[in-house]
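Here's the structure, in structure tokens; my notes come after.
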Amino acid sequence: MGWSRIVRSPFIQSLAADSLARGASGSHISQAGLLRNGFLANRNQYFSLLRNITTSSSLKHLPSGGVMDGFRAESRGISITPRNQYHSAEQIEDKSDFEVEEEKLPGLEPTKPEEKPRVVVLGTGWAGCRFLKGLDTKLYDVVCVSPRNHMVFTPLLASTCVGTLEFRSVAEPVSQIQSALAGAPNSYFFLANCTGINTDKHEIYCEAVPSAGLPYDPYHFKVAYDKLVIAAGAEPLTFNIKGVEENAIFLREVYHAQEIRRKLLSNLMLSENPGISEEEKKRLLHCVVIGGGPTGVEFSGELSDFIMRDVRQRYSHVKDYIQVTLIEANEILSSFDVGLRQYATNHLTRSGVRLVRGVVKEVQPKNIVLSDGTSVPYGLLVWSTGVGPSQFVKSLNLPKSPGGRIGVDEWLRVPSVEDVFALGDCAGFLEQTGKQVLPALAQVAEREGKYLANLFSSIEKQNGGKAYCAKEVSLGDPFVYRHLGSMASVGRYKALVDLRQSKDAKGLSMAGFISWLIWRSAYLTRVVSWRNRFYVAVNWATTLVFGRDNSRIG
């Protein structure tokens with residue numbers, strides 16, 4: 001609870017009124033000095049007031065040690081952060097300037113005139129990492145803030161769930177992408193979440209990921225910026241369906257893939273235990289995928305391939321019980337050519353994947369309830385229905401594009417504030433630009449990151465890198481996105497390749513084994529580092545010769 005919110009609360013004001021009425025406040029606090037437009041005028045007076053209140057006869061039920069350097073009445077659910085701790089960014093933004101200055105957070109102060117401009121990047125997704133890779137660190141110092149220290153190569157993430165690839169093959173450390181973060185004296189990576197932005201002061205407020213090793217938990221700090229790049233990504237869409245957050249597993253991070261792998265292997269082994277009924281075996285070994293986009297289809301294909309090649313050999317007692325169901329409200333792979341969609345439907349069906357058209361109404365711990373009342377039991381539930389704005393993006397007081405993403409102009413600037421840019425899944429064009437909001441795809445984010453890195457080089461060469469110095473800078477050509485096509489694997493050495501510029505345009509589309517070779521070759525070349533390309537190639541070869549590893553670790 002913010003300081004100004006605390007003093008405005010009915011409980012505190014009632015305590016203050018009670019204390020004044022009883023004279024507990026003493027001669028050094030007057031009623032006029034106590035409240036000013038609902039705020040306490042002086043924090044020291046506030047603590048003095050609280051000490052007097054807690055010693056009054058009417059409040060003996062409060063703990064005697066409740067007021068030291070702060071106040072805590074746990075029985076009433078009220079907590080004020082002690083003076084030796086820090087308030088979160090959202091709380092700071094509620095305070096007056098005087099209160100913010102009084103409680104200074106640790107952090108990086110604004111750059112000095114003789115120092116390089118500082119670029120702060122929020123996020124380590126496709127957009128943020130491509131920007132970091134292209135940023136000229138001879139011109140800028142860079143600070144990256146993210147709750148993960150790596151980029152995830154998402155097109156191959158589904159392959160890690162069943163052991164086709166190992167997890168480290170799809171994770172690229174951010175310090176390998178931008179070496180300045182590891183060695184440059186004024187460049188840093190902070191393992192933290194951004195909780196607020198003060199565009200007037202050119203500061204962001206951060207909260208370090210939970211750790212027992214820091215002096216305080218949560219640990220808050222601030223970072224001043226000359227240029228801010230918001231590439232905070234997006235969150236899975238749940239459509240506010242009851243039970244999704246509690247029972248489903250998403251597929252966007254490495255830890256999601258690890259959880260899916262553990263759950264899948266656990267169910268396979270537990271279903272072999274004696275005394276398990278036929279019905280329970282079927283439920284445990286029923287894998288349900290919600291969402292027929294590329295991620296859902298690729299995971300279903302990988303899973304069916306795993307069942308055909310590995311499960312039937314290594315889990316012979318339960319091989320006939322395992323089943324995969326893909327539930328989609330409309331058509332699978334709706335952005336692909338009609339012929340490719342039909343090919344994918346036929347191939348998945350032949351591979352043992354049951355396709356169901358339906359809308360999920362509720363997710364229960366062991367069953368899914370569809371809108372028509374059908375109950376679908378499951379042992380593993382993977383949710384892949386697209387993405388939407390994160391809670392962080394929703395909380396920002398910035399213009400929004402259609403769909404709730406941060407609004408940007410043709411140069412990826414947030415037009416209502418200075419020196420703030422946004423790109424990737426968290427950003428979209430404003431309506432006045434006349435451009436459609438781009439899809440949340442890796443190739444869109446990657447292209448935006450590359451464009452913005454070149455734009456920053458141009459800005460600094462015109463002496464516009466420092467805060468408030470880019471007003472008269474020529475930005476050059478605006479960002480233009482050209483779609484290069486879409487690809488998706490459907491399992492068992494088959495894939496789809498759709499090279500049309502748009503859904504209604506004409507172009508090359510193909511499916512089958514050749515498409516699968518193109519799919520693998522294309523993604524192998526797009527893996528960020530040579531090290532991970534080697535890992536991926538070796539994993540593919542090992543799986544081809546020896547099958548997938550089915551060890552359950554963790």
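Only this structure's heavy atoms are used, side chains among them; waters, hydrogens and symmetry mates stay out.
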Taking side chain as C-beta onward, heavy atoms only, is [X] less than 4.5 Å from [Y]?
X	Y	value
L181	Y188	no
R261	V162	no
T238	E245	yes
Y140	I459	yes
V408	L423	no
V143	V145	yes

Are more than 12 heavy atoms from other residues, nucleotides or ligands located less than 6.0 Å from atom [atom1] of [X]?
X	atom1	result
R168	CZ	no
K450	NZ	no
R314	CZ	yes
K263	NZ	no

Looking only at heavy atoms, which two atoms of [X] and [Y] are closest? And how far apart?
X	Y	answer
G465	D226	O-CB, 3.5 Å
I514	M510	CG2-CE, 3.8 Å
L265	S551	CD1-O, 3.4 Å
V363	L381	CG1-CD2, 3.5 Å
Y343	G512	OH-CA, 3.5 Å
P399	L430	CB-CD2, 4.1 Å

*Show the numbers, then the answer: is there a side-chain hydrogen bond (donor to acceptor under 3.5 Å, both in side chains) between H150 and T124?*
CA-CA 6 Å; H150 58 273; T124 52; over 6 Å; no

Using modelled atom types and a 3.5 Å cut-off, is there a donor and acceptor pairing between side-chain atoms of [X] and backbone atoms of [Y]?
X	Y	answer
T385	L237	yes
N193	T195	no
R354	T349	no
R405	A427	yes
D305	G301	no
H220	C206	no
E235	S390	no
S529	N532	yes
Q178	L132	yes
S187	V142	yes

Less than 4.0 Å between a side-chain N and a carboxylate O, is that true for [Y] and [X]?
X	Y	result
E172	R130	no
R148	E253	yes
D141	K116	yes

*Check the pair K435 / D409 against salt bridge (charged side-chain N to carboxylate O under 4.0 Å, His left out), numbers first and verdict last.*
CA-CA 9 Å; K435 295 185 176 183; D409 63 12; over 6 Å; no

*asked:* For a side chain to side chain contact (heavy atoms under 4.5 Å, CB included) check, start with the C-alpha distance between L228 and V121, then their side-chain angles and the critical distance, and finish with the verdict.
replied: CA-CA 6 Å; L228 175 65; V121 182; over 6 Å; no

*Is the centre of the Y523 ring less than 6.0 Å from the centre of the W519 ring?*
yes

*Begin with the C-alpha distance, continue with both residues' side-chain angles, and end with the deciding distance and a verdict on side chain to side chain contact (heavy atoms under 4.5 Å, CB included) for Y535 and V527.*
CA-CA 10 Å; Y535 284 160; V527 173; over 6 Å; no

Is there a donor-acceptor contact under 3.5 Å linking the side chains of [X] and [Y]?
X	Y	value
R552	S266	yes
R309	Q313	no
D419	H202	yes

If we check side chain to side chain contact (heavy atoms under 4.5 Å, CB included) with [X], which of these qualifies: [options]?
X	options	value
F299	L157, V324, V382	V382
I322	L303, L268, L284	L268
T345	V297, L326, I332	I332
H483	D498, L441, V444	L441
I197	N397, I230, V417	I230

*Taking it one step at a time, do D477 and Y451 satisfy side chain to side chain contact (heavy atoms under 4.5 Å, CB included)?*
CA-CA 10 Å; D477 295 332; Y451 169 84; 5.6 Å; no

_With S159, the side chain to side chain donor-acceptor pair (under 3.5 Å) member among E298, E302, E166, R548_ = E302

*Rounded to the nearest 0.5 Å, how far does CD of Q443 lie from CG of L484?*
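That separation rounds to 5.0 Å.
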
*Trace of the side-chain hydrogen bond (donor to acceptor under 3.5 Å, both in side chains) decision for Y481 with E448*: CA-CA 8 Å; Y481 171 71; E448 288 178 336; over 6 Å; no

*Take Y315 and N550, measure what side-chain hydrogen bond (donor to acceptor under 3.5 Å, both in side chains) needs, and give me the verdict at the end.*
CA-CA 10 Å; Y315 299 93; N550 65 339; 3.1 Å; yes

_K222 to Y205, cation-pi by 6.0 Å centre distance and 45° axis angle_ =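 Negative - K222 is either too far from the ring of Y205 or too far off its axis.
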
*Stepwise side-chain hydrogen bond (donor to acceptor under 3.5 Å, both in side chains) check, Q258 with R262*: CA-CA 6 Å; Q258 291 173 325; R262 283 194 297 266; 4.8 Å; no

*asked:* So, applying ring pair (Phe, Tyr, Trp, His ring centres under 6.0 Å) with F421, which one of W411, F479, F456 is it?
replied: F456

*How are the rings of W126 and F153 set relative to one another: parallel (under 30°), tilted (30 to 60°) or perpendicular (over 60°)?*
tilted

*Begin with the C-alpha distance, continue with both residues' side-chain angles, and end with the deciding distance and a verdict on side chain to side chain contact (heavy atoms under 4.5 Å, CB included) for N247 and Q364.*
CA-CA 7 Å; N247 301 304; Q364 299 172 353; 5.5 Å; no

